[in-house]
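Everything numeric in this text was worked out from a predicted model, so none of it was measured. Each residue takes its place number in the sequence, starting with 1.
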Amino acid sequence: MTKTAAAPKGNTPRVQPAEEVKPEVKAKKKGFSLFQLLDRYTNVDFLFQEGVPTRYLPHVLFLTGIVLFYIGNTHYAEKTIRKIAKIKIETEDLRADYTTLKSDYMSASKQSEVARSVAPIGLVESSSPPYQVEVAADEY
């Protein structure tokens with residue numbers, strides 16, 4: 001049996017591999033970049049130097065909740081407006097149907113139309129005028 005060199009035990013520093021030599025990157029042309037502009041004027045790197053700042057977390061969560069409520073409320077309002085428009089159109093259609101049926105009923109309930117429609121069953125219009133029946137007060 002041959003002994004092989006065992007890895008050292010304990011907390012020993014690891015040997016870092018030699019850094020690779022990267023080829024030089026050509027400089028970019030100077031031009032307009034939205035991200036460069038934002039990076040230049042919104043310097044928020046100092047907030048994250050020591051990690052994520054948890055002291056702002058309640059404020060961020062509160063604002064996120066308000067934004068979500070606002071978006072949901074907007075969707076609900078738009079849905080309600082669409083329902084109202086749909087019901088308004090349906091109401092106009094029903095009103096037109098009601099007006100048509102009412103005019104048909106008014107024309108069908110005329111005395112001449114009723115007489116014409118009941119003539120096939122044998123009913124005729126009375127030619128004698130109506131008379132009033134008088135009953136003496138002691139009879140009832």
> Name the one of Ile66, Leu68, Val67 that satisfies side-chain contact (heavy atoms from CB on, under 4.5 Å) with Thr64?
Replying inline: Leu68
>> Holding to side-chain contact (heavy atoms from CB on, under 4.5 Å), I want the full list of residues that pass it with Ala136, two or more places apart in sequence or in another chain.
In response: Asp138, Glu139
> With sequence neighbours excluded, what pairs up with Lys83 under the side-chain contact (heavy atoms from CB on, under 4.5 Å) test?
Replying inline: none
> Does anything in residues 65-82 pair up under salt bridge (charged side-chain N to carboxylate O under 4.0 Å, His left out), and if so which pairs, sequence neighbours excluded?
Replying inline: none
> Can you list every salt bridge (charged side-chain N to carboxylate O under 4.0 Å, His left out) pair that touches residues 92-108, not counting sequence neighbours?
Replying inline: none
Atom [atom1] in [X], atom [atom2] in [Y]: separation rounded to 0.5 Å?
X	Y	atom1	atom2	result
Ile84	Thr91	CD1	OG1	11.0 Å
Phe69	Thr74	CZ	OG1	9.5 Å
Ile87	Leu94	CD1	CG	11.0 Å

> With Arg55, which residues qualify under salt bridge (charged side-chain N to carboxylate O under 4.0 Å, His left out), at least two apart?
Replying inline: none
> Any side-chain heavy atom of Val133 sitting closer than 4.5 Å to one from Tyr131?
Replying inline: yes
> Which pairs, with at least one residue in residues 105-125 and sequence neighbours excluded, count as a side-chain hydrogen bond (donor to acceptor under 3.5 Å, both in side chains)?
Replying inline: Gln111-Glu125, Glu113-Arg116
